[in-house]
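The structure appears right after this line, and notes come after that.
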Amino acid sequence: MDPTSRPSVVIDNGTGYTKMGFAGNVEPCFILPTVVAVNDSFLNPSRTSKANWLAQHSAGVMADLDFFIGEEAFAKSRSSSTYSLSYPIKHGQVDNWDAMERYWQQCVFNYLRCDPEDHYFLLTESPLTAPENRECTGEIMFETFNVPGLYIAVNSVLALAAGYTTSKCEMTGVVVDVGDGATHIVPVADGYVIGSSIRSVPIAGKDVTLFIQQLMRERGENVPPEDSFDVARKVKEMYCYTSSDIVKEYNKHDKEPAKYIKHWRGIKPKTGAPYSCDIGYERFLGPEVFFNPEIYSSDFTTPLPVVIDKCIQSAPIDTRRALYKVKSTYNKRTNNANFGL
């Protein structure tokens, strides 16, 4: 069938999460963690019997599909010791192409359930990605999946394009792309990225999670150690917000703790016993690492607004007025700023 008569497949691969769906949809069809669980016995025949390995080898494609992605990968690694986790993307760049190819296979065939030969594909990449990475992506898409057409776009430009279709704004602005493993400040003028002015910040969504985990641990909250990172991540996604004045936020929490302190309830993974903990100052201190990074690390102390200002000042002078216009985006999943998605 002519691929122009079918909607294009859109896959946004991030360090922490992958969003996938079809062009024209209001929201992604699936949002999954970018992780792959692979059966070690297939990758390492020495760990299993020779007969079993020959049977798997003879199975061909079916044996090659013995892997899981997303939440299924986490569940499989916990229930079976023969599966190991692999994170194909680190700091916004593909680090393991074999795992990335397996991840795309599950995305296309198991989740989207479509024939890649009948759809055009739109993939995203982070700023400052090497041309070799784009070549590898094109090689996999055309040779493995036989896609009829492929377009790879910088996700910052796509963010402005989404605003263009809804609010008729110009394709010019500064995009602050805060992912799970990397943060980039990307100036875009008339739809084109000003590559020489891109700035990066060594603080991202995972750092916010680790900082919240540290705050809860120092306060002595009753959270199981093996579950503390997941609890901190869910606290970040559900309860965190940015504040205009950190001193006022402290005063508000101190005057009316019952109003602002939230409660988290969970079940211990090992014993199955219930537990609960309070969520207090970390609600606004987590995102505060971008505006006062010295509270988290002494290696990088430049606030995010200063980095944005330097980014715009390094752009061509005729684009600065348009770049200084303020734009904001809203994330429906977290009801707050987009940290670590």
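Only this structure's heavy atoms are used, side chains among them; waters, hydrogens and symmetry mates stay out.
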>> Within a 6.0 Å radius of atom OH on Tyr192, are there more than 12 heavy atoms belonging to other residues, nucleotides or ligands?
In response: no
> Hey, does the side chain of Thr183 reach the backbone of Ile203 with a donor-acceptor pair shorter than 3.5 angstrom?
Replying inline: yes
> Only one of His91, His184, Gln93 forms a side chain to side chain donor-acceptor pair (under 3.5 Å) with Ser126, so which one is it?
Replying inline: Gln93
> Could you give the distance from OG (Ser86) to CD1 (Ile69), rounded to the nearest 0.5 Å?
Replying inline: 12.5 Å
> What is the minimum heavy-atom distance between Tyr111 and Glu72, and which atoms define it?
Replying inline: OH-CD, 3.6 Å
> So, do Ile11 and Thr18 sit near enough that their side-chain heavy atoms are less than 4.5 Å apart?
Replying inline: yes
> What do the steps show when you test Tyr260 against Lys252 for side chain to side chain contact (heavy atoms under 4.5 Å, CB included), and what is the final call?
Replying inline: CA-CA 8 Å; Tyr260 294 100; Lys252 284 163 48 177; 3.3 Å; yes
> Would Glu288 and Tyr281 count as a side-chain hydrogen bond (donor to acceptor under 3.5 Å, both in side chains) if you check the C-alpha gap in whole Å, the side-chain angles of each, and the deciding distance to 0.1 Å?
Replying inline: CA-CA 11 Å; Glu288 193 66 24; Tyr281 298 144; over 6 Å; no
> Under a 4.5 Å side-chain heavy-atom rule over Ile, Leu, Val, Met, Phe, Trp and Tyr, are Met141 and Leu122 clustered together?
Replying inline: no
> Can we call the ring centroids of Phe67 and Tyr83 under 6.0 Å apart?
Replying inline: no
> From Ile140 CD1 over to Glu135 CD, what is the distance, rounded to the nearest 0.5 angstrom?
Replying inline: 12.5 Å
> Does the side chain of Val154 reach to within under 4.5 Å of the side chain of Pro127, using non-hydrogen atoms?
Replying inline: yes
> Do Asp12 and Tyr17 pass the side-chain hydrogen bond (donor to acceptor under 3.5 Å, both in side chains) test, and can you show the C-alpha distance, the side-chain angles, and the key distance before you say yes or no?
Replying inline: CA-CA 9 Å; Asp12 178 17; Tyr17 288 89; over 6 Å; no
> In Å, rounded to the nearest 0.5 Å, how long is the span from CD1 of Ile152 to OG1 of Thr129?
Replying inline: 9.5 Å
> Can you hop from Ile89 to Leu85 via hydrophobic side chains spaced under 4.5 Å?
Replying inline: no
>> Using a 6.0 Å cut-off, check whether atom OH of Tyr151 has over 12 heavy atoms from anything other than its own residue.
In response: no
> Is there a donor-acceptor contact under 3.5 Å from the side chain of Thr319 to the main chain of Ala315?
Replying inline: no
>> Assigning hydrophobic clusters by single linkage (Ile, Leu, Val, Met, Phe, Trp, Tyr; side-chain heavy-atom cutoff under 4.5 Å), is Phe291 placed with Ile185?
In response: yes
> Do Phe109 and Asp115 touch side chain to side chain, with heavy atoms closer than 4.5 Å?
Replying inline: no
> How many angstroms lie between SG in Cys311 and CG in Leu323, if you round to the nearest 0.5 Å?
Replying inline: 7.5 Å
>> Please determine whether residues Met100 and Val10 belong to a single hydrophobic cluster, defined as Ile, Leu, Val, Met, Phe, Trp and Tyr linked transitively by side-chain heavy-atom distances below 4.5 Å.
In response: no
> Can you hop from Ile317 to Ile308 via hydrophobic side chains spaced under 4.5 Å?
Replying inline: no
> If we only count heavy atoms from C-beta on, is the Thr302 to Pro293 side-chain gap below 4.5 Å?
Replying inline: no
> Looking just at side-chain N and O atoms, do Asn13 and Trp104 make a donor-acceptor pair shorter than 3.5 Å?
Replying inline: yes
>> Would Glu101 and Thr144 count as a side chain to side chain contact (heavy atoms under 4.5 Å, CB included) here? Give the steps.
In response: CA-CA 9 Å; Glu101 182 177 348; Thr144 302; 3.2 Å; yes
> Is it the case that Thr301 and Glu294 place a side-chain donor and acceptor less than 3.5 Å from each other?
Replying inline: no
> If only atom types and distance count, is the side chain of Glu221 paired as donor or acceptor with the main-chain N or O of Asp278 below 3.5 Å?
Replying inline: yes
>> Keeping Ser156 on the side-chain end and Val175 on the backbone end, is there a donor-acceptor pair under 3.5 Å?
In response: no
>> Any non-hydrogen side-chain atom of His119 less than 4.5 Å from a side-chain atom of Val108?
In response: no
> Side chains of Tyr120 and Leu150: does their closest heavy-atom pair fall under 4.5 Å?
Replying inline: no
>> Looking at every non-hydrogen atom in both residues, tell me the closest pair between Ala204 and Gly179 and how far apart they are.
In response: CB-O, 3.4 Å
> Is atom CD1 of Ile295 surrounded by more than 12 heavy atoms (other residues, nucleotides or ligands) closer than 6.0 Å?
Replying inline: yes
> So, do His263 and Ile279 sit near enough that their side-chain heavy atoms are less than 4.5 Å apart?
Replying inline: no
>> So that I know where these two stand, are Tyr250 and Phe284 an aromatic pair - ring centroids less than 6.0 Å apart?
In response: yes
> Where do Val223 and Cys277 land on the side chain to side chain contact (heavy atoms under 4.5 Å, CB included) test, with the steps shown first?
Replying inline: CA-CA 7 Å; Val223 180; Cys277 62; 3.8 Å; yes
> What do the steps show when you test Tyr324 against Gln313 for side-chain hydrogen bond (donor to acceptor under 3.5 Å, both in side chains), and what is the final call?
Replying inline: CA-CA 10 Å; Tyr324 269 119; Gln313 287 296 324; 2.7 Å; yes
> CD of Glu125 to CG of Leu158: how many Å apart, nearest 0.5 Å?
Replying inline: 10.0 Å
> Which pair of non-hydrogen atoms, one from Val178 and one from Gly205, has the smallest distance, and what is that distance?
Replying inline: CG1-N, 4.3 Å
> Where do Glu249 and Arg283 land on the salt bridge (Lys or Arg N to Asp or Glu O under 4.0 Å) test, with the steps shown first?
Replying inline: CA-CA 10 Å; Glu249 293 300 318; Arg283 292 186 61 195; over 6 Å; no
> Are any non-hydrogen side-chain atoms of Arg265 and Ser276 less than 4.5 angstrom apart?
Replying inline: yes
>> For a quick check under 3.5 Å, do Tyr87 and Asn96 share a side-chain donor-acceptor pair by atom type?
In response: no
>> Testing Gln214, Lys234, Lys236, Arg233 one by one against Thr209 for a side chain to side chain donor-acceptor pair (under 3.5 Å), which residue passes?
In response: Lys236
>> Does Gln106 form a side chain to side chain contact (heavy atoms under 4.5 Å, CB included) with Val36? I'd like the steps, not just the answer.
In response: CA-CA 10 Å; Gln106 285 283 7; Val36 181; over 6 Å; no
> Is the backbone of Gly92 close enough, under 3.5 Å, to the side chain of Thr15 for a donor and an acceptor to pair up by distance?
Replying inline: yes
> Would Asp118 and Arg6 satisfy salt bridge (Lys or Arg N to Asp or Glu O under 4.0 Å), going step by step from the backbone distance to the final call?
Replying inline: CA-CA 7 Å; Asp118 294 337; Arg6 295 190 174 186; 3.3 Å; yes
>> Ignoring hydrogens, what is the shortest heavy-atom contact between Val176 and Leu304? Give both atom names and the distance.
In response: CG1-CD2, 4.1 Å
> What is the minimum heavy-atom distance between Cys240 and Glu282, and which atoms define it?
Replying inline: SG-O, 3.6 Å
> Once you round to the nearest 0.5 Å, how far does OH of Tyr103 lie from CG of Asp98?
Replying inline: 15.5 Å
> Parallel, tilted or perpendicular: which describes the rings of Trp264 and Tyr239, with under 30° parallel and over 60° perpendicular?
Replying inline: perpendicular
> Closest approach of Leu112 and Cys29, non-hydrogen atoms and distance?
Replying inline: CD2-CB, 4.4 Å
